[in-house]
There are 2 protein chains.
Amino acid sequence: MPLIQQHIEQIRQCTLFASLSDDELKQLVNHGQVVELNAGQTIFSQSEPCHHFYLVQRGMIKLYRLSVDGTEKVMDLAAPNQLFAEAVMFAGNYPLHAAAIEPSTVFAFDCKHFMALLKDNNALSFSLMTSMSHCLNGMINEIDRLTLHSGTQRLAEYLLEQVPEGVMQSSRIRLLVPKLVIASRLGIQPETFSRIMARLRSDGMIETHNDTILLKDLCALRCLAACPG
Amino acid sequence: MPLIQQHIEQIRQCTLFASLSDDELKQLVNHGQVVELNAGQTIFSQSEPCHHFYLVQRGMIKLYRLSVDGTEKVMDLAAPNQLFAEAVMFAGNYPLHAAAIEPSTVFAFDCKHFMALLKDNNALSFSLMTSMSHCLNGMINEIDRLTLHSGTQRLAEYLLEQVPEGVMQSSRIRLLVPKLVIASRLGIQPETFSRIMARLRSDGMIETHNDTILLKDLCALRCLAACPG
DNA sequence: TGTGAAATTTGACATACATCAATGCGCGTC
DNA sequence: GACGCGCATTGATGTATGTCAAATTTCACA
């Protein structure tokens, strides 16, 4: 699949690559490839050796673990313009599975080549470490939520995350993935997800219409997310 | 507090510092300091600016979060010879609290100075990234356990972690921290911890004597940890 | 060695959430 | 436009774990 200029522009936007010269970036891109994915298609599997990291151009990617009995836990979702697996380059093997949940396009960067760039470009190392640091922070927050917050709180938090910056009173949002997937992401069952939504609805905090949700009272939702109960 | 040779030897053992010359290491150590801590004493608090990272020399350190109502969640425990907070240098602020749970000695490294070393020593950057990678892996496993494993499974896993390599059938271990703390570490209540232990005891898998625990059937415990139920 | 506070254990009870099951809805496909 | 298949919703029920409370043990410190 040929790389069009548009792709390169998008890649340039990543802060991880900010310190690369035009030439270095072109080199990096030349060692990578565009990958088209069908809905449900796997990108890599847990414990597989890690040869690539990825940038989402279009679609949605789920990063997940499987338990022995086949239960799936979605650890994170990667939307367009987001990198994933860039922080596991030094681990050798992927720590989880990645699959597209809808038709998607990703760009695959070559780990070996990127590592070579890292060797000569300390600023790039710093960028990657900053990226890893953010990743780590997110994980700690995740554990915090799972252990210190209830399902209702986590769902409220998730809804509020979808609200654009600066919106104060109410906001209309869309769920970009099936509720099934969000439930797994939040560590609850789909049935529980549905029931919590029903409660928020009957409490007058939200109105729902399929994947479109009107958050009628952001204040109340924020309170719900913050306070135990 | 003066640094004795013994301290420097211990610091040298850290793989993070493997690429440092004797001189660089001495420089690093000269910019740091030994800190003596009483039981319960705080080392740093969440959201505080990050100026140091640490190596435990003696004692035990808990890394934890607090919820709004004061509930404590122990995210990790650092034993002697373990580094902590080395992966948050690039974040700017500590993402959690750190405190000694018994009289402890830690060595505090200066982040600024270490960052300066990083600039000129790419191998050091690689070491740090490897360290961060391991940290990340641990976090993913942690989320996996919290969402996909039951309290009983997590406790069994914890007990098995205390068993030295190569032991096959049975093993005598010691809990190095109060059960209260382990319970928080595992994301369960102390009462639940106690009850699970009682069940393992009545199932003939373990015998207990305060903080000393005899794991009578490692196979059964491993099965319990792996299989749901 | 005694004393008090903290940790642990045990019991009774409450509850959030999971599970099982059935129905309904939406959506893509032919 | 009809069919079929996931996904979503709702109800009934089960259960692991939390909460509250009290008794008991452990341990640090005087």
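Values in this document were obtained by computation on a predicted structure and should not be read as measured data. Here is the naming used below: chain letters follow the sequence lines, and residue numbers restart at 1 for every chain.
The NZ atom of K179(A) sits 13 Å away from the C1' atom of dG24(C) (whole-angstrom rounding). Residue L180(B) contributes atom CG, which lies 18 Å from atom P of dA5(C) at whole-angstrom precision. To the nearest angstrom, C1' of dC27(C) lies 15 Å from CD of E102(A). Rounded to an integer number of Å, the gap from L186(A) CG to dA16(C) C1' is 16 Å. Distance, L176(A) CG to dC7(D) P: 17 Å, rounded to whole Å.
The CG atom of D69(A) sits 7.5 Å away from the CG atom of L148(B) when rounded to the nearest 0.5 Å.
When distances run from any side-chain atom of S194(B) to the nucleotides dT9(D), dC7(D), dT9(C), the shortest one goes to dT9(C).
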Using the rule given for salt bridge (charged side-chain N to carboxylate O under 4.0 Å, His left out), can you reason through E36(A) versus R58(A), listing the C-alpha separation, both sets of side-chain angles and the distance that settles it, and then say yes or no? CA-CA 9 Å; E36(A) 293 289 338; R58(A) 175 186 70 103; 3.1 Å; yes
Evaluate side-chain hydrogen bond (donor to acceptor under 3.5 Å, both in side chains) for T152(A) paired with R199(A), printing each intermediate quantity in order. CA-CA 10 Å; T152(A) 304; R199(A) 216 180 62 230; 3.2 Å; yes
Apply ring-ring contact (aromatic ring centres under 6.0 Å, His included) to F17(B) and F109(B), showing your working. CA-CA 12 Å; F17(B) 303 133; F109(B) 297 95; 5.0 Å; yes
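For the side chain to side chain contact (heavy atoms under 4.5 Å, CB included) with T147(B), the lone residue among L186(A), L146(A), V74(A), I188(A) that qualifies is L146(A).
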One character per nucleotide, please: for nucleotides 14-30 of chain D, 5' to 3', B when the base has a protein heavy atom closer than 4.0 Å, S when only the sugar-phosphate does, - otherwise. ---SSBB-----S----
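The ring of Y94(B) has its center closer than 6.0 angstrom to the ring center of F44(B).
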